[in-house]
Amino acid sequence: MKIGYACIPLGVKYSTNRRFLLKNFSEDRFLDTTMANLLDLKKILKYNIENGIYLFRISSDIIPLGSHNINDLQWYSLFKDILKDIGNYIKTNNIRVTMHPGQYTVLNSPNPEVVKKSIKDIEYHCTFLDSINADYKSKIIIHVGGIYNDKYEAMDRFKLNFKLLSESAKKRLIIENDEKSYSISDVLNIGESIAIPVVFDNLHHSLNPSLSPNIKDILHRVSKTWGTKDGPMKLHYSDMAHNKKPGAHSNFVNTSNFLEFYNEVSSLLPDIMLEVKDKDLSAIKCIDCVTPHNVDINNIWDKYKFTVLERSQSLYDKCYNALKSNDVFGLYKEIDKALSMPIKLEYQIHTLKYILHAFEDNLLPKEQNRLLSLINKNEISKAKGLLNRISTKNNLNLTNTYFFIY
DNA sequence: CACCGTCAAGTCGCA
DNA sequence: TGCGACTTGACGGTG
């Protein structure tokens, strides 16, 4: 069972999302941007392995304007060596990678131009996975698309247009239930009819439910759409964001909710893709909670302690108790409580002063004075921004914490 | 350096 | 028939 995240790690500053505007397209710009993205992809995969993350969604931006008409460069041969290198790294380390074209890729549109572009986009994703020599457990996930006043006609059009894909893309394409049009029941009908795997998304299902109220019954049927060559069934998991629009993803995974879900589904041995704002941070948390015996709880606390301290002194103390009793789940539960709280000015000042003291030997007197004077003027966000830049420049241990992330 | 409009793209609801 | 919302991070121009 693998637990992973989508596209953008927060714990490291590598990015595979460099891009440029269409009007700025040039061969040089394309080559530079693509190379930078690919080099960072390898670094992200390494970072993932160091953190026990073996499931990763590769960003569609990896090849900028990869499926656009303006781009007729043979990037898959131009970057053949590095693509092969990435592919070998993925294979050697038993990583599973997937891709997820965006909302504008609509295979079932009644507009032939849209279908044509959508096929081109799916084929671009497929070419990328082919170019790194990924096996057919590496999937391309899309939603079914629009309704156009007749859902069943639109579903039929999906099945017909599916036939227009290349053989490789047909082996990679899988479909996911969405939050308003195609419920898991609809998606299963299509998946079973054209023999492609189905991804169950718990958040979309809660907003657009169908079939049995018992998720396990549904998943049992979903799992049958996954053949041996497809690899383990893949699920999308996310919590709903409170105080935002229904369907928005939460800022972080609630540990208790996740474990409840996990315990319900784990016997089916799925791979779970988290769709959450804090990305790898929640992935690491979920993996830690599922395999707490592999974890050094002190490392967890080192990353989160300033984030907790900024919000609540009493939760800081509770965390400390969990730490002392080596209770990984307990520690994360208290961290979750802290993360759901706003930063409190007085605690933030206290935290900054504490950090200044702790890193006294790593800061120049001039830097300390500038920081202190900002703090004393109550310009806290400026102080924190400055501290962030200084930490990055001097490579302080502080950059390994989540203090500048949450 | 902080801020903000724009972006390659499609669908749907509403006027 | 046409426009804004939806969703989203990064670019790129401005002050």
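Every heavy atom of this structure was used, including side-chain atoms; hydrogens, water molecules and symmetry mates were not. Sequence lines set the chain letters: A, B, ... in the order given, protein chains first and strands last, and positions in each chain run from 1.
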By the Watson-Crick or G-U definition, both distances under 3.5 Å, B:dC4 is matched with C:dG12
Can you tell me if the side-chain N/O atoms of A:Arg19 get under 4.0 Å from OP1 or OP2 in C:dT8?
no
Please report the distance separating the P of C:dT7 from the corresponding atom of B:dC3, rounded so that it comes out in whole Å.
24 Å
A:Arg389 side-chain proximity, nearest of C:dT7, B:dC1, C:dC11:
B:dC1
Residue whose closest nucleotide on DNA chain B lies nearer the 5' end, A:Lys382 versus A:Lys180
A:Lys382
Heavy atoms, side chains only, cut-off 4.5 Å: are A:Leu352 and A:Leu371 in contact?
no
For C:dC3 versus B:dT6, give the span between their P atoms, rounded off to a whole number of Å.
15 Å
Of all the choices, C:dA10, C:dC6, B:dA8, which nucleotide is nearest to the side chain of A:Ser15 once you look at every atom?
C:dA10
Report the nucleotide, chosen from C:dA10, C:dG12, B:dA8, that has the shortest atom-to-atom distance to any side-chain atom of A:Ile8.
C:dA10
Just to confirm, is there a sub-4.0 Å distance from OP1 or OP2 of B:dG10 to any side-chain nitrogen or oxygen of A:Asn111?
no
B:dA8 P sits how many Å from A:Asn71 CG, rounded?
14 Å
Tell me the interatomic distance from A:Leu386, atom CG, to B:dC1, atom C1', rounded to whole angstroms.
12 Å
Here the distance between atom C1' of B:dT6 and atom CG of A:Leu22, to the nearest Å, is 13 Å
If I take atom CD1 in residue A:Ile70 and atom P in nucleotide B:dA9, what distance separates them, rounded to the nearest angstrom?
11 Å
Touch check for A:Lys117, heavy atoms < 4.0 angstrom, all strands: base, sugar-phosphate only, or nothing?
sugar-phosphate
With nearest nucleotide decided by heavy atoms, which residue, A:Lys279 or A:Tyr104, maps closer to the 5′ end of DNA chain C?
A:Tyr104
Has A:Lys171 got its NZ or CZ under 6.0 Å from the middle of the six-membered ring of A:Tyr136, at an angle within 45 degrees of the ring axis?
yes
Checking only heavy atoms, does the side chain of A:Asn69 share a donor-acceptor pair with the base of B:dA8 at less than 3.5 Å?
no
Length of the line joining A:Ile147:CD1 and B:dT11:C1', which is rounded to integer Å:
11 Å
Determine the Euclidean distance between corresponding P atoms of B:dG5 and C:dA5; express it in Å to zero decimal places.
13 Å
What's the gap between C:dG13 and B:dA8 when it is taken at their P atoms, as a whole Å value?
13 Å
Between A:Met240 (CE) and C:dT7 (P), how many Å, whole number?
12 Å
In whole Å, I'd like the distance from the NZ atom of A:Lys120 to the P atom of B:dA8.
15 Å
Can you tell me the distance, in whole Å, between the CG atom of A:Asn208 and the P atom of B:dC12?
13 Å
Taking the cut-offs as 6.0 angstrom to the six-membered ring centre and 45 degrees off its axis, would you call A:Lys42 and A:Tyr47 a cation-pi pair?
no
Using a 4.0 Å heavy-atom cut-off, does A:Ser109 contact any base of the nucleic acid, only the sugar-phosphate backbone, or nothing at all?
sugar-phosphate
For B:dG10, which nucleotide in any strand shown is its Watson-Crick or wobble partner with both distances under 3.5 Å?
C:dC6
Looking at B:dA8, B:dG10, B:dT11, which one has an atom nearest to any side-chain atom of A:Leu21?
B:dA8
Within 45° of the axis and under 6.0 Å from the centre of the six-membered ring of A:Tyr182, does NZ or CZ of A:Lys151 qualify?
yes
Stepwise ring pair (Phe, Tyr, Trp, His ring centres under 6.0 Å) test for A:His143 and A:His100:
CA-CA 9 Å; A:His143 294 284; A:His100 196 341; 5.7 Å; yes
Measure from NZ or CZ of A:Lys333 to the centre of the six-membered ring of A:Phe329 and say whether it is under 6.0 Å with the direction within 45° of the ring axis.
yes
